Amino acid sequence: MAAINFPPSPVDGQIHSPGAGLPSYQFKAGVGWLNIGSAGSVMDTFAYTATGAEGVTLAVPGGYLANLAVVSRGGALQAPGDDVDVTSGTNIVFATALVAGESILVYKFRAFSLVDSLTKSQNGADIPSKPAFRANLGIAASPFKNLLINALGTINQRVYVSAAAVGAANTYTLDRWKVVVSGQALSWTESQNVRTMTAPAGGVEQAVEGANIQSGVYTLSWIGTATATVDGAAVVNGGPVTLTGGSNAVVRFIGGTFALPQLERGSVATEFGAVPYDVELLRCTRYCQVIEAGLRADGYNAAGGVIGISVTIHPMRSTPIVEAGGIASSVNASGQFFATSRNNFAVQSNYAATGAAFIQLSGILLTAEI
């Protein structure tokens, strides 16, 4: 900053303006020179020496915000409403006429907006710790920013056992996660409600439904040693990937551990968005549902009649198939056939002869996976 040469032997209230780009200063007896602002400030100063011809009214060059002016007369502050009137925004009206030689100093405020005083926002990029910032504001991370369903791995409708080798390629284990290669397994450990899963060499993957994707840049992040691909292309931890809206995307973890995996919109990885267990289970039922054992129907009808069970289910992605489970029936119930839709499951049998019959479910697993 350039050196400022202050006037010698200043008097109390004297104003000194060094030049363009530099703030103005005022001398206060017993204190010294004080910075009183600059052209970029929301407060300006007007220093004036009375001639005696002004009377009680002093025009203020450039005006000021009505009621927002502080006036000093001969070094003494003037009380608004008693000593001085600052309501006009253009003039200062004194209670008594000005006397020649009196020193008048006016601190006047002008209209301003926040851009006059604050650096433009960097859209949060300048915040060192965004999780801490949200916590200080009481704002939780959005639970639905993560396109991966059952990212914690705690939903297990198939009752898959950790480290159990699958008997076929692309076999689902924990909900939404399937082991790619036959004979390999998904395993996990759990601590404080966080599962750390271990993907085998052939990989564990999840297909993200295109209905949940809009075109743009996404970020894949996780904790652990596994490597990852999206639609077959390698992605580094915290790295970006471009997805096409409406098209499915396959996320695969390979040969190592992964916990808190997250695929989210944007080019920056943010803190993990946890979803409540009951909500996560509901999201999983779009792709897999269990109808518990024990449902039974009994009846009496003529030969060729129909007996059956119909169950309303949570709407699934598509008409489901029966992946596992069974049906028990009396000898008079001939054969079974299914009649399913996205939101209903039904099983029926025909009466082999006139008489009584029953049909009973022993547990059904419905799937509509991608």
Side-chain angles (χ1 to χ4, degrees), residues 143-161 166-180 186 195 197 204-214 230-231 243-252 261-264 273-297 306-329 335-349 359-370:
F144 299 112
K145 63 183 177 181
N146 192 356
L147 295 188
L148 296 175
I149 297 176
N150 196 25
L152 282 173
T154 53
I155 309 298
N156 187 8
Q157 295 188 87
R158 294 176 175 85
V159 199
Y160 174 73
V161 177
V166 300
N170 298 315
T171 295
Y172 279 91
T173 53
L174 301 174
D175 277 48
R176 303 295 298 121
W177 295 103
K178 65 181 179 183
V179 172
V180 178
L186 170 66
R195 280 190 176 179
M197 296 172 276
V204 172
E205 68 182 31
Q206 179 175 145
V208 178
E209 188 176 355
N212 295 322
I213 297 174
Q214 290 78 45
V230 175
D231 291 335
L243 302 181
T244 301
S247 297
N248 299 337
V250 178
V251 177
R252 180 181 295 183
Q262 183 158 273
L263 179 65
E264 60 185 308
V275 177
Y277 182 91
D278 54 344
V279 177
E280 194 74 287
L281 175 59
L282 187 63
R283 296 174 76 197
C284 288
T285 60
R286 177 170 170 81
Y287 308 93
C288 175
Q289 284 189 57
V290 174
I291 298 177
E292 300 294 344
L295 290 177
R296 173 176 170 136
V306 176
I307 185 172
I309 297 173
S310 178
V311 180
T312 298
I313 59 177
H314 182 75
M316 303 189 74
R317 184 186 65 86
S318 60
T319 299
I321 62 172
V322 178
E323 182 176 300
I327 300 168
S329 62
Q336 294 92 34
F337 55 94
F338 300 108
T340 60
S341 65
R342 290 183 60 246
N343 56 9
N344 190 78
F345 168 78
V347 59
Q348 298 175 343
S349 290
I359 186 170
Q360 179 174 310
L361 301 183
S362 56
I364 299 293
L365 179 67
L366 301 176
T367 62
E369 300 285 2
I370 299 172

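Since we're looking at a predicted model, the values are computed, not measured.
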J.: Cut-off 3.5 Å, no hydrogens considered: what does the side-chain donor-acceptor table look like for residues 307-314, sequence neighbours left out?
T.:
| from | atom 1 | to | atom 2 | distance (Å) |
| --- | --- | --- | --- | --- |
| Ser310 | OG | Asn344 | OD1 | 3.2 |
| Ser310 | OG | Asn344 | ND2 | 3.2 |

J.: Can you list the residues that meet the ring pair (Phe, Tyr, Trp, His ring centres under 6.0 Å) rule with Tyr172, with sequence neighbours excluded?
T.: none
J.: Considering non-hydrogen atoms only, spot the tightest contact between Trp177 and Pro261 and give its length.
T.: CZ2-CG, 4.3 Å
J.: Any side-chain heavy atom of Gln289 sitting closer than 4.5 Å to one from Ile291?
T.: no
J.: Would you call Val275 and Arg283 a side-chain contact if the rule is heavy atoms closer than 4.5 Å?
T.: yes
J.: Is there a side-chain contact between Met316 and Thr285 in this structure, where contact means two heavy atoms from C-beta onward sitting under 4.5 Å apart?
T.: no
J.: Can any side-chain N or O of Gln157 pair as donor or acceptor with the backbone N or O of Cys288 at less than 3.5 Å?
T.: yes
J.: What pairs with Ser329 under side chain to side chain contact (heavy atoms under 4.5 Å, CB included), at least two apart in sequence or on another chain?
T.: Ala333, Gln336, Ile359
J.: Look up atom CG in Asn150 and atom OH in Tyr277, then write down how far apart they are to the nearest 0.5 Å.
T.: 8.5 Å
J.: Minimum heavy-atom separation for Tyr160 to Val166, with atom names?
T.: CE1-CG1, 4.5 Å
J.: Might you point out which heavy atoms bring Leu174 and Gly153 nearest each other, and give the distance in Å?
T.: CD1-O, 3.4 Å
J.: Quick one, Thr367 with Arg158, criterion side chain to side chain contact (heavy atoms under 4.5 Å, CB included). Give me CA distance, side-chain angles, the key distance, then yes/no.
T.: CA-CA 11 Å; Thr367 62; Arg158 294 176 175 85; 3.5 Å; yes
J.: Please list, chain by chain and in numerical order, all residues satisfying side chain to side chain contact (heavy atoms under 4.5 Å, CB included) with Leu152, sequence neighbours excluded.
T.: Thr154, Leu260, Phe272
J.: Ignoring hydrogens and angles, write down the donor-acceptor pairs under 3.5 Å from the side chains of residues 243-252, residues two or more places apart or on other chains.
T.:
| from | atom 1 | to | atom 2 | distance (Å) |
| --- | --- | --- | --- | --- |
| Asn248 | OD1 | Gly210 | N | 2.7 |
| Arg252 | NE | Glu205 | OE1 | 2.8 |
| Arg252 | NH2 | Glu205 | OE1 | 2.7 |

J.: So, for Ala368 and Pro320, which heavy atoms are closest and what is the spacing to 0.1 Å?
T.: CB-CA, 4.4 Å
J.: So does Leu148 get a backbone contact from the side chain of Gln206, meaning a donor-acceptor N/O pair under 3.5 Å?
T.: no
J.: Enter the distance from Thr171:OG1 to Glu323:CD here, rounded to the nearest 0.5 Å.
T.: 8.5 Å
J.: Would you say the side chain of Glu209 lies within less than 4.5 Å of the side chain of Tyr287, judging by non-hydrogen atoms?
T.: yes
J.: Using the test side chain to side chain contact (heavy atoms under 4.5 Å, CB included), find all partners of Glu292 that sit at least two apart in sequence or belong to another chain.
T.: Val290
J.: Heavy atoms only: give me the nearest Ser362-Ile327 pair and the separation to one decimal.
T.: OG-N, 3.7 Å
J.: Measuring from Asn156:CG to Arg195:CZ, what's the distance to the nearest 0.5 Å?
T.: 6.5 Å
J.: Could you measure the distance from the CG atom of Asp175 to the CG atom of Leu281? Nearest 0.5 Å is fine.
T.: 7.5 Å
J.: Taking the side chain as C-beta and beyond, is there a heavy-atom pair between Val322 and Leu366 under 4.5 Å?
T.: yes
J.: Under 4.5 Å between any side-chain heavy atoms of Arg176 and Glu369, yes or no?
T.: yes
J.: Could you tell me which non-hydrogen atom of Lys145 sits nearest to which non-hydrogen atom of Gln262, and how far apart they are?
T.: CE-NE2, 3.6 Å
